[in-house]
*Asks:* 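This structure is in C-alpha cells; I'll ask about it shortly.
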Amino acid sequence: MIMDEVKEEFVKELLKNNKRSDGRGLLEYRPIKIEKGLLPNAEGSCLAQIGDTKVLAGVKFDVVEPYKDRPAEGVFQVNAEFLPLAHPEFFAGPPDERSIELARVVDRGIRSADCVDSKKLFLEEGKALGIYVDLYIMDHSGNLIDTAGLAAMGALLDTKVPKYEAKALIRGEFSGKLHLERSAVVCSFEKIDGKIVLDANDEEEVASEGRLSFATCDGDLLCAAQKSGRSAFSREEFSAIMDASLEKGRELRKLIGG
Amino acid sequence: MAEISVPGDVLFEDPRRIDGGYVLGNKTIASVICVKSEDRAVPLKGKYLPIIDDYVVGIVSDQRFSGYTIDLNSPYAGQLSTRESRESFKIGDVVSCLIQEVDEVNEPMLIEPRKLYGGRLMEIESVKVPRVIGRNSSMVSMIEKYANTKLFVGKNGRIYIREGNVALAMEAILKIQREAHTGGLTDRVQAFLESEAQKIKE
Amino acid sequence: MEKPVLIRNGKRNDGRGVMDLRPLKITAGVLKKADGSAMIEWGKNKILAAVYGPREAFPKHMANPNRANVNCKYSMAPFSSLEEHGRSGPNRRAIEIGKVAKHVFENAILTNQFPKTQIDISIEVLQSDGGTRIAGITAAAVALADAGIPMRDLVQGVSVGKVDGVLVVDVDKPEDNYGTSDIPVIVSLRSNEILLFQLDGMLSKKEVETALDYSFETAKTVRELQIEALKNKYVLEESGA
C-alpha cells in the first residue's frame, strides 16, 4: 500500500508535464511483439507482449451440442486465467471479478464484430463446433485487456479447423484455416489526474482512477466498449478516446496480420 | 410545504460549506435528501457521524486493559480511556459521554463518562434529534414537565429516560420522530401531552 | 428462429417511438430493515435494490483509511426470465455487471466522508425484460438516497440499442434479442459525465455519439421519476402522522 502511494505520486508528477516514466507520449503504445503458432497441440496459439506484459492465448475445438435458442450455430467462448506466477497479488482459485471482466470484454469485442461466423460452425443436426479461446495471463505489467485482445485475435488468425469425420474431430488433421469475417482489437485508456493515457503500465494503473476501453474492427467501426473504475468520463473525453481507438486499432490489426 | 431536495439539486447559488451539501464550481449542491431552509439543509436520513463537543449515549461493547470501546449507533465506535473515570464499566453498560476529539478517520475519543441506570434507553434516527431537543431545549423541557421524567438526549439518536411516566415520554418522542419535518410540531406535541396527561388524571 | 420485423412505420413492436421510454415506476423505501431501498418497475422488469451502511468495514484489513469501500451485488432470481429456470448464484455476466455498477457508485457516493467503512448495495432482479442493469442501478441510486448516503448526484441511465438499423432508447427483451447493438449508459446530469458505458455490436463513432445524446436526453425523465419516488416517501411520512 505504501509503495503504491509512492508510485502514484511519481506517475502523477510526471504527467503534470505530459511525461511518462518510460518516455512515451500519452497516446503511444509500448513495444508490441506477436508470436503465433507456438503450441502445435492447440489448433491456434499466440503470445502477445505489450512492454513487459505477456498474455498467451490457445484455441481448442470441440464438438458440442448447439444452444437450444440457436440450433444451427456453433459456440464461441473466451476465458481468462490469471496465473499466480504473473503477479504477487494473483492467487490460485476460482476466477475473480477482474479475470471475468477481462475475458468478457475480449469476448465481446470479437463476438460483436462477428469475426467468427457462428453459422459456419454448424456441422449437422445436434452437432456444431465449439471454439474455446483460453487466455493465460503470464506477466502482468499493465494493460492486460489490450494484450489479451491481441493474443486472442492473433490466435484465431493462426487457427486451423480440425477435420470432422464420422461425428468426431480428427486431431492433427485439418480441413483448412479458420475463416474470419474481420478482426477486432481493443484499445484501453486510463484516466489519471484528469489526463488520458493509452496503454498504461503497472505503475500508471495504480495511479489510475478509471479506464475506458474500445474494441474496433475492420470498416472503422467500434464494436465493444467497457468503462471501468471509479472515475467518470466527459463527452469530450469519449470523443477523443473513440478517435484514438479507431486510429490505433488500425495499426494493431495490421500488426497482427488481421 | 417544505421543499425537499435530492442529491445533485442546487441548494444555493453561492458556495457554502454545509452538512448535506458540497461545493461544485460556485454553487452549493445537495448531497443527501434534505429539507432546504433559508440558510441550511436539514438532512432527512443518514447515520450519525461523531462531532467534537457532542454529548452522546453509548453502550460499552468491548473492554481492554487500557480502556473501553463504546458503540455509538454509528459506523464509528468511540474509545474511552480507563483514566477518564474512577468507576469501571461492564460490557452492555449504558454511558453518556462527551466527544473530546475526532481523528482523521472519524473515530472519536470520549471523555466525561457517566453510567446511566434505573431508566429506559430508546433509539431514534439521529437526524431527528434536533427536533426532539427543540429550540433552547424547549421540546425536551416540555416532555419532562408533562411526563414528569428526566431525559438525556444523545446527539447520536439514543435517549435515556428516567423516572415518571417513561411510556408517555417515549410516545411523544416517537411522534416527534414521525412528524419531524412538519410545521407547528411543538403545538401538536403539547396538545398530545396535555390530553394524555389529562386521561391519566381521570 | 427468424428475426421478426421490429420497427414498422417508425413505430416499435410495442407501439413506442424511438425516443419513448417504457412505463416506469419507482417506489422508495420498500424494505423495513435495510438502511435504504427501492423497487423499480420498468416495462416488465421488476427489480429490488437495497443498501446497508456505511458500516464498519469487514474484514478489518480491507478497511481503507481514505474512503468507504463500496460493494455491489447484482443477481437475477432463478425464476426471473421467461425462459427456463436459471441457475442460482452469480454467473460471469452477473459478476461483471456487479463490478461496473460498483464503479458507478464509487464515483457517485462521497466515499471520502466515511473512511474505514463499507457500503453494501444489492440489486435483485425478480423479473427481467431487457435493460436490467440500467434499471437496477437507477433503483440503487434511489435506495442510496433513501439511506441518506451523501452523493454527488442522483444518477440514472437509459440503454440505447440499434434495432432494424435504427437507434432506439430503452430496448425491451425482443429488441435486445434481435437488435444488433446494445449500449447501456449511466450518466450524471449534474456533471454531464458518463459513469457506466458498455457497448456491443458494430457502430460508427457518429452513431455512438448519437446514442449518448439519446441517453442524456431521456435520462431527464428517469431522474424526475426518481425524485418523485423519494418525495412520495417523505411526504407520505409527513401526512401519516
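Order of the sequence lines fixes the chain letters, A, B, ..., with proteins taken first and strands second; residue numbering starts at 1 for each chain.
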*Asks:* Just give me the residue among C:Asn66, C:Thr117, C:Val155 that pairs up with chain B most often, heavy atom to heavy atom, under 4.5 Å.
*Replies:* C:Thr117
*Asks:* Can you name the closest pair of heavy atoms from C:Leu167 and C:Val18 and give their distance?
*Replies:*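 Of all heavy-atom pairs spanning C:Leu167 and C:Val18, the closest is O-CB, 3.7 Å.
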*Asks:* Considering only heavy atoms, which portion of C:Gln118 lies under 4.5 Å from any heavy atom of chain B: side chain, backbone, both, or neither?
*Replies:*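 Interface part for C:Gln118: neither.
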*Asks:* Which atoms of C:Leu154 are under 4.5 Å from chain B, going by heavy atoms: the side chain, the backbone, both sets, or neither?
*Replies:*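 Both backbone and side chain.
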*Asks:* What part of C:Ala147 is in contact with chain B, defined as an atom under 4.5 angstrom from a non-hydrogen atom: side chain, backbone, both or neither?
*Replies:* backbone
*Asks:* Could you tell me whether B:Arg40 and B:Asp19 make a salt bridge, using a distance below 4.0 angstrom between a side-chain N and a carboxylate O?
*Replies:* no
*Asks:* Under 4.5 Å between any side-chain heavy atoms of B:Asn156 and B:Ser74, yes or no?
*Replies:* no
*Asks:* Between C:Leu144, C:Leu110, C:Asp146, which residue shows the highest count of heavy-atom pairs closer than 4.5 Å to chain B?
*Replies:* C:Asp146
*Asks:* Which atoms of B:Glu107 come close to chain C, meaning under 4.5 Å heavy atom to heavy atom: side chain ones, backbone ones, both, or neither?
*Replies:*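 When you check distances to chain C, only side chain atoms of B:Glu107 fall under 4.5 Å.
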*Asks:* Examine whether an atom of B:Val127 lies under 4.5 Å from a heavy atom of chain C, and if so say whether it belongs to the side chain, the backbone or both; otherwise answer neither.
*Replies:*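 Interface part for B:Val127: neither.
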*Asks:* Is it true that B:Asp71 and B:Arg158 make a salt bridge, defined as a side-chain N closer than 4.0 Å to a carboxylate O?
*Replies:* yes
*Asks:* Please say whether more than 12 non-hydrogen atoms of neighbouring residues, nucleotides or ligands are located less than 6.0 Å from CZ in C:Arg16.
*Replies:*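 Above 12, so yes.
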*Asks:* Would you mind checking which part of B:Ala180 comes under 4.5 Å of any heavy atom in chain C, side chain (CB onward), backbone (N, CA, C, O), both or neither?
*Replies:*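 B:Ala180 has no heavy atom closer than 4.5 Å to chain C.
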*Asks:* Examine the side chains of B:Tyr68 and B:Gln79 and answer whether a donor and an acceptor come within less than 3.5 Å of each other.
*Replies:*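 Per modelled atom types, B:Tyr68 and B:Gln79 side chains form no pair under 3.5 Å.
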